[in-house]
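Down below is the structure, laid out as structure tokens.
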Amino acid sequence: MLDAGERLARPLPLVLLPDGTQIEPPAEYQDPRLGLDERGARRYQLTSRWRAEVAASFGLPTTPRREQYDVLIVGAGPAGLTAAVYAASEGLSTLVLERMAPGGQAGTSARIENYPGFPQGITGAELAAGAYKQAVRFGAEVLIGVELLRVAPELETGTALVELINGSQVRCRTAVVAPGVAYRRLDAPGVEELIGCGVHYGSAPAEAVRYHGGDVALVGAANSAGQAALHIATHARKVTLLVRGSSLEKSMSRYLVDRIHNCDAIDVVLNARVVRAEGTDHLEALIIADSAAETGTCVEVDALFVLIGGVPLTAGVAGWLRRDANGFLMTGRDILEPDERSWWPLERDPYPLESSQPGVFIAGDVRHGSIKRVASAVGDGAMAVQLIHTYLASPQPSVSGEPPPAEQNILALAEPPDSE
């Protein structure tokens with residue numbers, strides 16, 4: 001066994017099992033919350049395989065029980081879990097892949113107060129746990145820490161051969177793609193080097209407790225940022241909410257704006273941007289400037305939480321599923337715009353929520369034109385399953401355009417989203 005000093009000298013994050021087994025991360029560990037990035041797919045793939053190994057070591061389900069499924073669901077956020085509940089309860093064999101933990105980004109929310117049916121609000125973890133239990137009770141299989149690696153369409157059978165990051169293979173007849181989004185990075189010197197050392201993307205409830213009595217800064221202006229600021233303020237001495245725009249009301253619900261303005265522990269700074277993060281082993285200060293200024297003011301902080309929107313996790317499907325200029329997946333009639341059908345191979349028009357690959361449906365935040373709310377994601381998940389029934393009940397249509405690629409390596413591409 002390693003003593004405490006030796007453990008701290010090892011690469012982090014280091015996983016120690018009760019029997020003393022150590023599972024070291026790859027040399028270039030990739031924070032899974034940030035998704036594929038410009039540093040290349042190999043780094044992400046190695047980290048993804050390591051996470052699958054860790055999940056299996058802790059006894060989490062990582063291997064599918066069947067060889068073929070009616071529905072493969074990628075992502076176990078609100079959209080994916082809802083699709084799993086409806087698909088499994090309606091008799092469709094259902095496999096769900098979740099790379100991190102059920103609930104997605106919504107699952108880390110300290111409290112969701114505008115979701116219908118919960119007048120006192122509900123934590124994201126509670127909402128996710130309930131949907132997860134429902135899906136499993138109806139027979140859905142949910143694999144944790146497992147990602148999609150490669151897809152090979154099989155036109156003669158109407159299925160697709162899917163390879164998972166841990167080497168498992170399954171066939172599926174249809175799919176719901178609902179991976180959500182990765183946190184958008186804050187582009188300022190010093191931030192990247194201090195991730196995990198005072199700089200955090202997102203705001204899991206447990207992280208706020210670590211800064212009890214401290215000074216915390218938070219960058220963001222949407223509902224997720226407002227909810228996080230209010231939660232952190234119950235622990236921190238002071239929360240500085242940095243807003244790039246000139247008003248909170250432009251992007252945040254009124255009830256959150258009112259609560260923030262009435263919270264003595266929260267200071268709102270408008271037209272603000274982070275110029276630089278400073279610190280050696282841990283974040284010590286931020287240089288904050290007016291959005292138009294070149295220099296700024298030094299503010300001592302113990303932590304920085306970044307919630308500035310999301311980047312869709314779609315880099316690996318470029319060239320296979322049509323994306324918009326920002327990387328979000330296009331569906332339905334949007335696939336046919338402008339007036340051409342080069343992305344759509346069938347004579348019939350695509351169904352609503354159907355991607356440019358027939359039988360693959362898109363749900364939740366990753367969909368072009370989606371409303372970034374939990375209730376909207378839930379609606380997408382339910383609607384996708386109804387459309388799957390329609391797709392499966394229809395005769396196999398003829399192909400009018402180019403067939404899909406013989407194989408799509410989902411984690412092979414890592415370029416930033418561009419116009420396609």
Side-chain angles (χ1 to χ4, degrees), residues 23 25-26 30 32 35-37 40-58 60-77 80 83-84 87 92-102 140-180 182 312-323 329 345 355-363 366 388 403-415:
I23 308 178
Q30 166 69 54
L36 289 170
D37 69 5
R42 176 170 173 76
R43 166 178 172 157
Y44 186 86
Q45 284 189 38
L46 291 174
T47 304
S48 183
R49 289 194 177 96
W50 176 79
R51 293 203 315 273
E53 180 186 356
V54 170
S57 298
F58 278 93
L60 295 173
T62 59
T63 304
R65 298 196 296 263
R66 297 171 177 250
E67 295 182 355
Q68 180 169 315
Y69 294 84
D70 294 321
V71 185
L72 173 69
I73 300 173
V74 180
L92 299 175
S93 54
T94 304
L95 179 67
V96 183
L97 308 179
E98 171 50 48
R99 68 194 190 103
M100 291 182 65
E141 291 181 44
V142 183
L143 306 186
I144 307 297
V146 179
E147 294 193 63
L148 190 64
L149 176 63
R150 190 175 289 109
V151 177
E154 300 175 324
L155 297 179
E156 64 280 1
T157 63
T159 63
L161 179 63
V162 174
E163 182 180 347
L164 309 183
I165 194 66
N166 61 4
S168 299
Q169 291 187 339
V170 297
R171 285 180 168 82
C172 63
R173 300 172 66 195
T174 64
V176 177
V177 178
L313 294 166
T314 62
V317 298
W320 184 50
L321 302 182
R322 187 176 186 185
R323 306 185 300 171
L329 296 174
S355 71
S356 55
Q357 172 64 42
V360 176
F361 298 85
I362 313 301
V366 76
I388 283 173
E407 181 179 283
Q408 176 68 24
N409 194 331
I410 302 300
L411 296 184
L413 301 175
E415 84 290 358

Inset, instruction - Report yes if the side chains of L92 and T174 come closer than 4.5 Å at any heavy-atom pair, otherwise no. - result: no

Legend entry - Within-4.5 Å side-chain heavy-atom neighbours: V317 and L329: yes

Inset, instruction - Report the residues that fulfil salt bridge (charged side-chain N to carboxylate O under 4.0 Å, His left out) with R49, sequence neighbours left out, ordered by chain and then residue number. - result: none

Legend entry - Atom of R99, atom of R51 and distance for their closest heavy-atom approach: O-NE, 3.5 Å

Inset, instruction - Sequence neighbours left out, what passes salt bridge (charged side-chain N to carboxylate O under 4.0 Å, His left out) with E154? Give chain and number order. - result: R171

Legend entry - Residues forming a side chain to side chain contact (heavy atoms under 4.5 Å, CB included) with L60, sequence neighbours excluded: A55, I144

Inset, instruction - Supply the atom-to-atom distance L148 CG to E163 CD, rounded to the nearest 0.5 angstrom. - result: 9.5 Å

Inset, instruction - Return the minimal non-hydrogen interatomic distance between V96 and G75, and the atom names on each side. - result: CG1-O, 3.9 Å

Legend entry - Between CD1 on residue I165 and CG on residue L149, distance to nearest 0.5 Å: 4.5 Å

Legend entry - Taking every non-hydrogen atom, the tightest pair across L321 and V360: CD1-CG1, 4.4 Å

Inset, instruction - Please name the pair of heavy atoms, one in E141 and one in R65, separated by the smallest distance, quoted to 0.1 Å. - result: OE1-N, 3.0 Å

Legend entry - side chain to side chain contact (heavy atoms under 4.5 Å, CB included) partners of A160, counting only residues at least two apart: V151, C172

Legend entry - Shortest non-hydrogen separation from A178 to V366 and the atoms involved: CA-CG1, 4.5 Å

Inset, instruction - Identify, with sequence neighbours excluded, every residue that meets side chain to side chain contact (heavy atoms under 4.5 Å, CB included) alongside S168. - result: T63, P64, L164, N166

Legend entry - Residue pair E98 / G77: nearest heavy atoms and the distance that separates them: OE1-N, 4.3 Å

Legend entry - side chain to side chain contact (heavy atoms under 4.5 Å, CB included) between Q169 and L161, worked out: CA-CA 7 Å; Q169 291 187 339; L161 179 63; 4.2 Å; yes

Legend entry - Side-chain heavy atoms of Q45 within contact of E147, under 4.5 Å: no

Inset, instruction - Please answer whether the main-chain N or O of W320 pairs with a side-chain N or O of S356 as donor and acceptor at a distance below 3.5 Å. - result: yes

Inset, instruction - Identify, with sequence neighbours excluded, every residue that meets side chain to side chain contact (heavy atoms under 4.5 Å, CB included) alongside A83. - result: I73, V176, V385

